[in-house]
Each structure stands twice: as structure tokens, then as C-alpha cells.
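Below, all heavy atoms of this structure are taken into account, side chains as well, without hydrogens, waters or symmetry copies. Because the structure is predicted, anything quoted here is derived from the model rather than measured. In what follows, chains are A, B, ... by sequence order, proteins preceding strands, each numbered from 1.
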Amino acid sequence: MAPWVKPVLGGPPALNAPQAAAVTHSSGPLLVFAGAGSGKTRVITHRVAHLVTSAGAQPGSILAVTFTNKAAGEMRSRLSSLLGDNVAKDLWVGTFHATCARLLRRHGGAISLSSHFIIYDADDQKAVVRRALRDLGLDDRRYPPRAILGRIRDAKQELRGPEALESGSYVDDAVVKVYRLYEAQLQRANAVDFEDLIGKVVLLLEEDPGGEGAAIRRRFGHVLVDEFQDTNRAQYRLLRALTRHHRNLCVVGDDDQSIYAWRGADVRNIRGFEHDFPDATIVKLEQNYRSTGRIVKAALGVIEGSRERVPKDLWTDNLDGAPIEVVAARDERDEAAYVVGVIQDARARGTSPEEIAVFYRVHAQSRVLEEALRAVRIPYQIVGGVRFYERAEVKNALAYLRVLVNPKSDVDLLRIINTPARGIGAKTLERLSSVASSRGLSILEAIETLEEAVDDEVGSPTQLGGLTSARKRLFAVRDLLAHLAAKVPFRTPSDTLASVLDESGYVATLQAEDTPESEAKLENLRELVGSVRDYEREAEAAGDAATLDGYLERVTLAADVDSMKEASRVTLMTVHGAKGLEFQLVLLTGMEDDMLPYRGMSSDAADARDIDEERRLAYVAITRARSRLVITHVGTRQIFGSSRPGRPSRFLATIPADAAVQRATREASRDSRFVERARTFQPPPQGDWRHPFESESAGSEARGGAPGERFVDRDFFDDSRSGEADDPLVVRRGSRVVHAHFGEGEVQRVIQASEPAVMVFFPSSGEKKVLARFLRRA
DNA sequence: TGCCACGCCCTTTTT
DNA sequence: GGGCGTGGCA
């Protein structure tokens with residue numbers, strides 16, 4: 001038996017006595033720093049069990065929140081086995097979003113939210129933003145919907161309304177206007193977005209309209225949170241508001257595994273917990289039960305380079321295990337071939353495929369790996385990528401259902417009004433839309449007014465907004481929907497879906513297309529009907545009524561969980577997707593600077609904070625491995641259609657030498673220069689982010705500055721320089737400038753290049769990169 | 001109105 | 001390399 005397959009652990013034993021006491025028995029605020037592999041979820045389940053069995057808490061007064069459905073499901077099943085189904089069924093165990101949705105359905109009336117509200121996902125949000133931009137007459141090339149929505153989302157995650165946003169710059173003003181319309185649109189549609197689910201519960205709790213906030217607060221005597229480092233500001237405020245009186249808040253997390261800052265997670269929630277709760281009991285779980293000694297050591301080496309972290313000394317009693325293999329490959333194909341070789345070898349030694357995972361930083365890396373695996377017929381599954389519920393045909397079908405439940409939902413109506421094609425084009429929709437917004441109606445209501453206009457014989461073409469010719473087609477859609485909606489109460493959800501697909505002509509249209517693509521779409525629609533049937537069966541088993549509302553909520557709050565089967569397949573996924581999982585053998589690919597740490601096309605250097613998040617990502621990846629870890633990096637990588645040079649990631653240099661061995665593939669060995677570089681590089685001194693290779697291979701690649709060198713994006717034209725110039729133009733972000741051709745604009749950022757240049761936003765023509773010498777002060 | 005060709009831009013992702 | 005959005009054309 002190879003050393004690395006030797007069993008090294010037997011699952012987390014009981015906590016040591018003082019820890020156990022603190023974790024299960026302490027009262028008041030409790031913060032548990034649970035290092036990777038230290039048995040974090042156990043903390044919550046055992047505490048809950050103790051609260052119920054020994055502390056006399058009512059199961060219904062305990063709320064345990066997680067981030068994913070999967071985590072919630074696991075927690076629930078563990079609690080069921082600890083406490084029995086009968087007790088566990090009364091506990092509130094769920095994701096932040098599902099829990100808040102449940103509360104809002106019961107208490108949302110106080111903030112005029114009908115209990116049939118629907119939840120808009122990212123796509124719906126974007127559609128609302130696009131429409132708002134159109135209504136405001138703003139060009140969506142100059143104001144990219146994605147970016148605008150990003151700003152709105154950021155604001156909502158901090159519970160800031162449009163009035164609380166900065167204004168003054170062109171973009172800021174646009175954001176504020178779009179945000180206002182966006183909110184109005186959601187309210188009119190009786191819809192909420194993911195941020196609202198949290199935000200509106202916070203509103204209920206903090207403002208207590210009709211006593212509903214107090215009612216929610218009374219409900220819960222204990223609140224427990226998993227993966228606390230991933231909470232955003234709004235979620236933190238929710239937790240504080242919920243526990244304001246009794247302060248029975250138990251949070252478990254690991255700041256070293258905070259990898260979601262980019263979507264709003266605020267690591268200050270965990271790092272600053274002690275500040276907000278000075279009386280909190282703090283426990284650190286530092287013993288790792290998962291991985292070999294060398295893996296733990298490597299992980300610790302990597303994470304210790306962080307600028308800021310709560311110190312934790314991860315250690316293990318497990319055997320040292322085999323050295324980590326750091327392998328240089330020539331390019332991504334060579335890397336894939338090596339990965340395949342390792343997998344074949346491991347399988348031959350008896351490692352089962354579901355114990356093997358291949359990680360990468362971005363999905364784009366998966367293609368080459370897939371090809372290599374397919375070539376030798378190794379079964380694999382990819383987690384992530386395009387999700388089932390995000391496919392266009394699935395979203396269309398769901399949009400029909402959502403309109404039936406909530407006819408005011410314009411986003412959904414607009415999605416299906418011309419699906420399948422019914423001759424209702426952009427022009428018609430634009431007119432309809434403006435009729436609707438000018439009268440404060442939903443689109444469907446606006447269609448109704450066309451009828452009134454006809455009945456009254458007063459419908460002048462101007463009043464109808466030029467909609468006379470499309471009227472018949474619009475009425476046909478309205479009648480179709482009315483007909484389907486009338487039958488909803490008498491049909492099962494799956495029958496409703498089936499008749500929607502049939503009577504709308506959607507299926508017929510796809511069948512007529514008769515292409516491989518249309519066949520795939522039909523297949524997906526059949527699967528969707530199947531998923532509704534599954535839901536109906538589950539609801540029945542749980543003794544609940546199966547409703548269309550119920551199904552839609554589940555789907556909107558669902559993830560990719562179902563797709564990750566226990567089947568005997570090798571798993572391919574991004575490092576983000578790997579959090580919370582563990583495998584016997586992990587292959588971490590693409591360990592190059594620019595890939596991990598990742599840097600996109602732009603030459604902007606990441607700042608130290610971004611680098612630290614990438615470092616934590618590497619830490620998460622490493623700590624997923626139980627007994628064997630193989631890390632690969634390449635000399636050249638083709639990605640996104642072009643080639644970039646690869647150098648070993650700076651993080652590799654922080655793995656202690658006695659934990660790893662360096663290797664090269666046969667292909668890579670031929671390039672002796674690359675191998676020599678890869679073999680001999682040294683860790684950079686602390687605090688110096690210059691890559692070690694940069695000095696050695698100076699001038700070998702012309703790039704926009706050394707990696708890691710800080711690009712200054714403000715005060716670039718500082719006074720020391722301006723002294724030499726004839727016209728000292730000092731600009732910084734936000735400065736107003738004038739360009740001879742584009743007119744007045746606003747500086748977005750300063751670009752470091754051979755000649756000073758800036759990105760300027762011109763309201764007349766959008767964002768442009770211009771040389772500073774063509775600008776003057778506004 | 002609908003189709004196709006062209007060009008752009010590219011992280012990570014739950015709910 | 002590829003998905004998506006746009007703009008030109010039938």
C-alpha cells in the first residue's frame with residue numbers, strides 16, 4: 001500500500017473537555033473559529049442537541065442558518081439522527097434566504113408584501129435594470145447593466161437605499177435613477193430580489209411595523225450560524241436584530257476560508273465580532289482531523305502569508321503522509337495529460353473515482369481537462385458552469401408559471417410574451433412598456449386598457465400609442481394566460497406546466513425546429529416536468545399541499561446541489577465550488593501567478609487585499625485533500641483564445657520545503673530553462689509582492705509592469721512630476737476633463753503606460769482610454 | 001420581425 | 001474558445 005493511502009484518521013473525536021463545555025454549554029454570544037477540517041458543523045449540531053435535550057429549549061425556538069441548501073440539508077439530517085425526526089422537524093434549519101422567505105410570507109403583510117410575492121433571480125434583476133435604463137433613455141453601452149446592477153446590489157447588501165448613495169458623477173447619478181426605478185418596478189410586480197429577502201426582514205425587525213418585528217424576534221430564543229465568515233453586512237444586521245434581547249447568538253466560521261468578499265461577504269463580521277460582542281466566549285478549534293501532516297503544514301505555510309488574520313495554529317495528529325507533489329508541465333495539454341496519468345495510477349491502486357477531485361481557478365480551464373479525461377474514458381462530473389435552471393428554455397417555462405401565479409410580474413411576462421414567436425416585436429413592447437409606466441400599470445394591465453379603449457370607442461391612435469395593429473396578438477396572449485390561470489387551482493403543478501408547454505405552442509415550435517439544439521431543449525423541458533413531479537411527491541410525503549408557489553420558491557432558491565451525485569466519477573470543479581468538501585486525492589491545477597492568484601486581462605495589479613483572498617483560495621484548495629495532493633503549473637497557458645506565459649504561483653514558494661517535492665513532466669523537462677526557474681525559485685521576502693522570477697528573467701516578457709507592482713490609480717500625476725511639465729495637469733479619479741473630440745468627461749482611473757493615460761467616461765460616447773496630453777482641465 | 005454575421009470580453013457564485 | 005449582444009439586411 002502506498003504511504004498516502006494509509007488510513008490516517010478516524011473522524012473527529014470528542015472535543016477536549018474545556019472546548020466541549022464552551023461550545024455546548026456557554027450562554028450568550030459564542031464565536032467559534034473552526035479551522036479547516038476541525039469538525040465545524042459538529043459544533044452547531046451538538047450545541048443544538050444540547051439546547052434541546054439539556055437546556056430545555058423548544059425546538060421551534062432554535063434557528064440554525066447556513067448558506068447553501070446542501071449544508072442545510074446535511075445539518076438537518078445530522079440533527080435528525082441526534083434528536084429524532086420528531087424533534088428535528090420543528091427546528092428552523094435553513095439558508096439565510098429560505099428562512100427569510102418563510103418569515104416574509106408570514107409577516108410581510110406589514111410592509112405591504114403580499115404572501116404570493118415572487119423572487120427575482122440575477123437574470124430577472126438584469127432585465128429590470130435594462131428596462132429601467134431604456135425608460136430613462138440611457139444607452140446601455142455607456143452604462144453597462146451588469147455594472148449598474150452590481151452597484152445596486154452592493155448598496156442593497158449594505159441596506160442602503162437610492163437616497164443613501166453618492167451622486168455627482170455621471171455614473172453615480174445614473175445608478176441612483178436606475179435604482180429608484182428598479183425598486184418601483186419590483187414593488188409593482190410584488191417581487192423581491194435575493195437582497196430584499198434579507199433586507200425586508202431586517203426592516204421588519206428594526207422598525208417593527210404592526211408589531212411584526214417583535215413577533216419574529218419572540219419566535220427565536222437561539223440563533224446559530226454556519227460559515228459565518230461569508231455573511232455580508234445585511235445578514236450580520238439581521239442576526240444582531242434577531243438576537244438583540246437575549247444575545248444567544250452562536251457563530252462558527254474561519255476567516256482563513258473567507259473567499260467571497262467579491263460578492264459582499266465581509267470578513268470584518270467575524271474578525272470584529274469580539275468588538276461588537278465584548279462578552280462573547282471565543283473558542284478556537286485548531287486540530288485538523290482531515291489531512292496528513294504534510295498537507296496541514298503546507299496549508300499553514302500558505303495562509304501565514306496573509307497580512308491580516310486571526311492567528312490560528314492548525315495542527316494534526318495524523319501521519320505526515322506522502323510529500324505534496326509540485327509538478328511543472330509545459331502547457332495546459334501537458335498538464336491535463338499528467339493529471340490523467342495520476343488519476344489512472346490512483347485508480348489502479350484502488351482509489352475510487354469519487355474520492356478524486358481536480359480543481360481549477362476558472363471554468364475555462366475545464367475544457368482541456370475534460371477532453372483528456374474523455375479520451376481515456378475516465379468518467380467525470382463537472383460541478384458548476386451553466387446550471388439547469390438557468391437554461392433559456394427552462395427559464396421560459398418557469399416564467400410562464402410565474403406569470404400565472406403573479407400576473408403583475410413584468411419581467412416574466414416580457415420574457416414569454418413573444419416566446420414562441422408571435423409577431424410581438426421590440427417596437428410593440430416599447431410602446432406597451434411606456435403606456436404601462438406612464439399609467440403605473442403592469443404590462444398585462446396595460447394590455448387590458450387597450451381593450452377598454454376599443455370598447456369606449458375613444459381609443460385614438462395616440463392614446464393607444466400606436467398599438468392598434470399588435471392589439472389582436474396581445475389579446476391572444478392575454479387570453480391564453482387567463483385561460484391557463486383559471487385552471488391552476490384545479491390542476492397539479494405538473495399538469496399546469498404540461499398544459500403551458502402545450503397550449504402556448506412552445507413545445508410545438510421546438511419540435512418543428514428539429515435540430516439537435518431544439519431536441520436538447522425539449523429534453524430539458526421534459527426533465528423540468530419531471531422535477532415538478534418530484535416536488536409533488538416530496539410535498540405529499542411531507543404532508544404539505546403541492547402548489548405552484550411552493551414549487552417556484554424552491555426552484556428559485558435551489559442550487560446545483562442535485563447535480564452533484566454520489567456516482568463513481570471524478571469531480572472537476574472550481575476551487576470556490578470545493579469549499580466544504582474533502583477528497584482523498586486532490587489535483588490542484590493552474591498554480592501559476594495570474595491564474596492563482598488570478599488576474600484577468602487587464603493589467604491592473606491586484607492589491608494586497610485581493611491577493612490575500614486568492615491566498616485563502618489556495619488554502620481552501622489545499623485543505624480539501626485528505627491524503628494526497630498534486631499541484632501543477634505550466635510554462636505556457638492558452639486560455640480565452642490567447643496564450644500567456646506561466647510562472648509558478650508565488651504561493652508555492654510558501655509551502656515548506658520538507659512538505660513537498662518538485663517534479664516536471666517529460667515535456668516540461670525538455671525546456672530546461674523553465675524547469676530550472678521553477679526549481680530554484682525562492683519565497684519572496686514578506687511584504688514584497690514582486691514575483692521572484694521577475695528579477696531573474698528581466699526583460700524576457702514585455703508586460704505592463706512587473707506582476708505585483710502596485711499600479712497607482714490615483715494621484716498618478718503628482719506634483720513632483722508636474723513640475724517638469726509645461727502644463728501640469730493633475731488628475732485623479734473623478735476629475736473633470738475636456739477632450740477636443742469627446743467633450744467633457746470624468747476620469748475613471750489612471751493607467752500606467754509608457755505615456756500617462758487615463759480611462760475617461762464621456763457622457764457623449766462612453767468610456768475611452770485617452771492619453772493624458774490630449775486632455776485639459778474642465 | 002427575424003435571421004445571421006460580426007465583434008467584444010472574459011473570475012470566482014449562493015440564494 | 002465561446003457566449004452574448006448588436007446591427008445590418010432580407
Side-chain angles (χ1 to χ4, degrees), chain A residues 65-72 94-101 119-126 130 139-141 144-147 150 153 156-157 192-198 226-227 230-232 234-235 258-265 332 359-368 370-371 383-387 389-392 418 420-429 469-470 473 513 553-561 573-580 590 594-602 604 606 610 613-614 616-618 620-621 637-644:
Chain A
V65 274
T66 62
F67 277 87
T68 65
N69 291 308
K70 192 175 166 216
T95 63
F96 271 100
H97 294 91
T99 303
C100 287
I119 303 168
Y120 277 4
D121 69 9
D123 255 26
D124 304 325
Q125 289 183 297
K126 205 160 150 196
R130 280 183 187 284
D139 180 349
D140 57 11
R141 272 183 315 179
R146 230 173 80 105
R153 234 185 247 150
K156 294 189 83 158
Q157 283 180 354
V192 298
D193 58 27
F194 287 128
E195 287 73 34
D196 285 333
L197 287 173
I198 314 293
D226 196 11
E227 304 279 14
D230 291 337
T231 49
N232 63 29
Q235 288 157 342
S258 161
I259 55 174
Y260 285 113
W262 53 272
R263 69 176 194 210
E332 73 285 347
F359 297 162
Y360 36 78
R361 178 65 177 80
V362 299
H363 287 300
Q365 291 169 258
S366 74
R367 212 193 79 253
V368 181
E370 282 183 75
E371 284 166 5
V383 176
V386 188
R387 283 188 280 275
Y389 292 109
E390 280 168 18
R391 289 165 209 261
N418 199 36
R422 306 186 168 99
I424 300 172
K427 208 77 217 174
T428 302
L429 293 179
S469 65
R473 293 181 288 247
E513 263 183 49
E553 172 162 325
R554 195 172 86 145
V555 161
T556 316
L557 298 181
D560 210 21
V561 200
M573 60 167 90
T574 63
V575 180
H576 282 93
K579 199 172 108 191
D594 285 9
M595 288 307 288
L596 188 62
Y598 185 80
R599 186 160 64 170
M601 304 289 106
S602 68
D604 298 19
D610 298 330
E613 181 144 317
E614 297 291 312
R616 293 190 292 267
L617 212 41
V620 166
R637 180 175 298 275
Q638 278 242 341
I639 194 160
F640 299 130
S642 67
S643 182
R644 36 163 117 172

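Within the 4.0 Å cut-off from OP1 or OP2 of B:dT11, not a single side-chain nitrogen or oxygen of A:T574 is found. Dashed line: the shortest gap from a side-chain N or O of A:N418 to OP1 or OP2 of B:dG2 is under 4.0 Å. When the side-chain nitrogen and oxygen atoms of A:H363 are compared with OP1 and OP2 of B:dT13, one or more of them lie within a distance under 4.0 Å.
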Mind listing the N/O atom pairs, protein and nucleotides 3-10 of chain C, below 3.5 Å?
none

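Applying the salt bridge (Lys or Arg N to Asp or Glu O under 4.0 Å) criterion to A:E195, with sequence neighbours excluded, gives no partner residue. The ring-ring contact (aromatic ring centres under 6.0 Å, His included) search around A:F194 returns A:H97, not counting sequence neighbours.
Contact annotation for A:F67: backbone-only contact, meaning every heavy-atom pair under 4.0 Å involves sugar-phosphate atoms and none involves a base. Within 4.0 Å (heavy atoms only), A:A101 reaches no atom of the nucleic acid at all.
Side chain of A:R263, nearest nucleotide from B:dT11, B:dT13, B:dC10: B:dT13.
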Take A:R361 and A:E614, measure what side-chain contact (heavy atoms from CB on, under 4.5 Å) needs, and give me the verdict at the end. CA-CA 10 Å; A:R361 178 65 177 80; A:E614 297 291 312; 2.9 Å; yes
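Residue whose closest nucleotide on DNA chain B sits further toward the 5' end, between A:L617 and A:R422: A:R422. Sequence order on DNA chain B of the closest nucleotides to A:E195 and A:E613 puts A:E613 first from the 5' end.
Side-chain atoms of A:N418 come within 3.5 Å of backbone N or O of A:I424 as a donor-acceptor pair. The closest donor-acceptor contact from the side chain of A:Q365 to the backbone of A:E332 lies at 3.5 Å or more, if one exists at all.
Taking the six-membered ring where tryptophan is involved, the planes of A:H576 and A:W262 are perpendicular, since the angle between them exceeds 60° and thus also 30°.
Centre separation under 5.5 Å together with a plane angle under 30° holds for the ring of A:W262 and the six-membered base ring of B:dT12, marking them as stacked.
C:dT6 and B:dT11: their C1' atoms are spaced 25 Å apart (whole Å).
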